[in-house]
Amino acid sequence: MNHSSGRHKQKAEGDFFSRVYRLVACIPSGQVATYGQIAAMLGNPGAARTVGWAMQAASEGLPCHRVVSASGALSPPEVFGPGVQRERLEHEGVSFLPNGRIDLKHHLWSGEGVNLEGEVSGPW
DNA sequence: AGGTTGACTGGGG
DNA sequence: TCCCCAGCCAACC
């Protein structure tokens with residue numbers, strides 16, 4: 001838990017965290033994105049860990065269960081609860097491989113359709 | 001201003 | 001394929 005104390009410093013909407021949230025909110029149901037992918041889409045290929053941190057501080061409204069590691073592995077069980085993240089994803093139609101990882105070949109978000117009102121200023 | 005942290009990643013063994 | 005290690009980066013303290 002971390003939202004007990006009112007320590008939310010809503011900074012400028014152009015902050016890295018805000019951009020991450022904006023982008024994560026665009027991940028379609030049934031698809032997933034990797035931490036590194038999010039970071040890269042925002043112009044910081046090396047900020048994957050920071051994206052993870054942003055997820056930790058994310059509000060409940062965000063589909064953070066759709067953000068996974070580059071290997072297709074899910075977040076630690078203690079984050080969403082044992083099996084919770086997998087259930088949510090399967091409920092959205094995401095299939096898993098025998099090794100318990102997501103089939104990124106079929107469910108990795110392409111990043112298309114991010115026609116946000118002024119999202120990112122990257123190469124796309 | 002500096003040291004620590006982490007829901008990451010890619011490469012090497 | 002799994003485990004370990006070094007590099008990365010923004011927020012925290």
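Below, chain A is the first sequence line, B the second, and so on; all start at residue 1.
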Do A:Arg86 and A:Phe96 meet the cation-pi criteria used here (NZ or CZ under 6.0 Å from the six-membered ring centre, within 45° of the axis)? yes
Could you state the [atom1]-[atom2] distance from [X] to [N], rounded to the nearest angstrom?
X: A:Asp15; N: C:dC9; atom1: CG; atom2: P; result: 18 Å
X: A:Phe17; N: B:dA7; atom1: CZ; atom2: P; result: 11 Å
X: A:Phe16; N: C:dA11; atom1: CZ; atom2: C1'; result: 11 Å
X: A:Tyr21; N: C:dA11; atom1: OH; atom2: C1'; result: 11 Å
X: A:Ile102; N: B:dA7; atom1: CD1; atom2: C1'; result: 13 Å

Within the structure provided, determine whether A:Ser75 and A:His65 are in side-chain contact (heavy-atom separation under 4.5 Å). no
With a 4.5 Å limit on heavy-atom distance, are the side chains of A:Thr50 and A:Asn44 in contact?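 Not touching, per the 4.5 Å side-chain cut-off.
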Considering all heavy atoms of both residues, which atom of [X] and which atom of [Y] are nearest to each other, and what is their separation?
X: A:Ala39; Y: A:Ala47; answer: CB-C, 3.7 Å
X: A:Leu23; Y: A:Met41; answer: CD2-CB, 3.6 Å
X: A:Cys26; Y: A:Trp109; answer: O-CZ2, 3.8 Å

Single-linkage hydrophobic cluster, 4.5 Å side-chain cutoff, A:Val51 and A:Phe80 together: no
Would you say A:Met55 and A:Ile27 are hydrophobically clustered, going by side-chain heavy atoms of ILVMFWY under 4.5 Å? yes
Between atom CD of A:Gln37 and atom CG of A:Leu104, what is the distance when rounded to the nearest 0.5 Å? 9.0 Å
Which protein N or O atoms sit under 3.5 Å from an N or O of nucleotides 9-13 of chain B?
{"unit_1": "B:dT9", "atom_1": "OP1", "unit_2": "A:Tyr35", "atom_2": "N", "d": "3.4"}
{"unit_1": "B:dT9", "atom_1": "OP1", "unit_2": "A:Gly36", "atom_2": "N", "d": "3.2"}
{"unit_1": "B:dT9", "atom_1": "OP1", "unit_2": "A:Ala70", "atom_2": "N", "d": "3.1"}
{"unit_1": "B:dT9", "atom_1": "OP2", "unit_2": "A:Ala70", "atom_2": "N", "d": "2.8"}

Which atom pairs link the protein and nucleotides 2-6 of chain B when you take only N or O atoms and keep those under 3.5 Å?
{"unit_1": "B:dG6", "atom_1": "N9", "unit_2": "A:Arg49", "atom_2": "NH2", "d": "3.4"}
{"unit_1": "B:dG6", "atom_1": "N7", "unit_2": "A:Arg49", "atom_2": "NH2", "d": "3.0"}

Which ones in residues 72-89 of chain A lie close to DNA chain B, meaning a heavy atom under 4.0 Å from one of its atoms?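 Within this stretch, A:Ser75, A:Pro76, A:Val79, A:Phe80 sit under 4.0 Å of the strand.
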Sidechain-backbone polar pair: A:Tyr35 side chain, A:Trp53 backbone, donor-acceptor under 3.5 Å: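 No, A:Tyr35 side chain to A:Trp53 backbone: no donor-acceptor pair under 3.5 Å.
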Ignoring hydrogens and geometry, is there a side-chain-to-backbone donor-acceptor pair from A:Asp15 to A:Phe17 under 3.5 Å?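 Judged by distance alone, no pair lies under 3.5 Å.
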